[in-house]
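Before any comments, here is the structure.
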Amino acid sequence: HAPYTLMDVRGIGFATADRIAQGCGIADDSPERLWAALTDVVQSATSEGHCFTPQDDALRAAAQLVQQPVATLTAVLAAAPRTRASAKPS
C-alpha cells in the first residue's frame, strides 16, 4: 500500500508509483492498486477543471489504466467505507 502514497508527492503519478509497487510484489488486482487507479482518474479529471466525474466513466478509465475488468474495480469501490462527502443522499 505504501508505494501508492507516493502519488501525494508532486510529480509522482500513478505510473511511477505503480512501477514501484509492482517491484515490491503488489498484485495486479490488489485493492490498493485498484483504489490508486481510481484516485488517479478522479485527480486527473479535477486537474483538467472537472468538478464531477460520472462513476461509470471513472470505473472504465481506471479499469483501462490497470487492465482489469470494470467489475473488479466496482467491487473495490463498493467495499470502500463511505464518508459523509461520498455518501449518496438518503
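Given the structure is predicted, the values throughout are model-derived calculations rather than measurements.
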Side-chain atoms of residues 18-31: list all donor-acceptor pairs with protein atoms under 3.5 Å, sequence neighbours left out, distances to 0.1 Å.
residue	atom	partner	partner atom	Å
D18	OD1	Y4	OH	2.5
D18	OD1	R33	NE	2.8
D18	OD2	R33	NE	3.3
D18	OD2	R33	NH2	3.0
R19	NH2	T16	OG1	3.4
Q22	NE2	D28	OD1	3.4
S30	OG	A27	O	3.4
S30	OG	R33	N	3.2

In a table with atom names and distances, give each donor-acceptor pair under 3.5 Å that connects a side chain of residues 36-45 to protein atoms at least two apart or in another chain.
residue	atom	partner	partner atom	Å
T39	OG1	W35	O	2.9
S44	OG	D40	O	2.9

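Between I12 and A17, the shortest heavy-atom distance links the atoms CG2-N, 4.3 Å.
Atom OG1 of T74 is separated from atom CG of L59 by 4.5 Å, given to the nearest 0.5 angstrom.
L73 and M7 fall within the same hydrophobic cluster, defined by Ile, Leu, Val, Met, Phe, Trp and Tyr side-chain heavy atoms under 4.5 Å apart, directly or through other members. By the criterion of side-chain heavy atoms lying less than 4.5 angstrom apart, applied directly or through intervening Ile, Leu, Val, Met, Phe, Trp or Tyr residues, L77 is grouped together with L34 in one hydrophobic cluster.
Residues in residues 56-65 take part in these side-chain hydrogen bond (donor to acceptor under 3.5 Å, both in side chains) pairs, two or more places apart or across chains: D57-R60.
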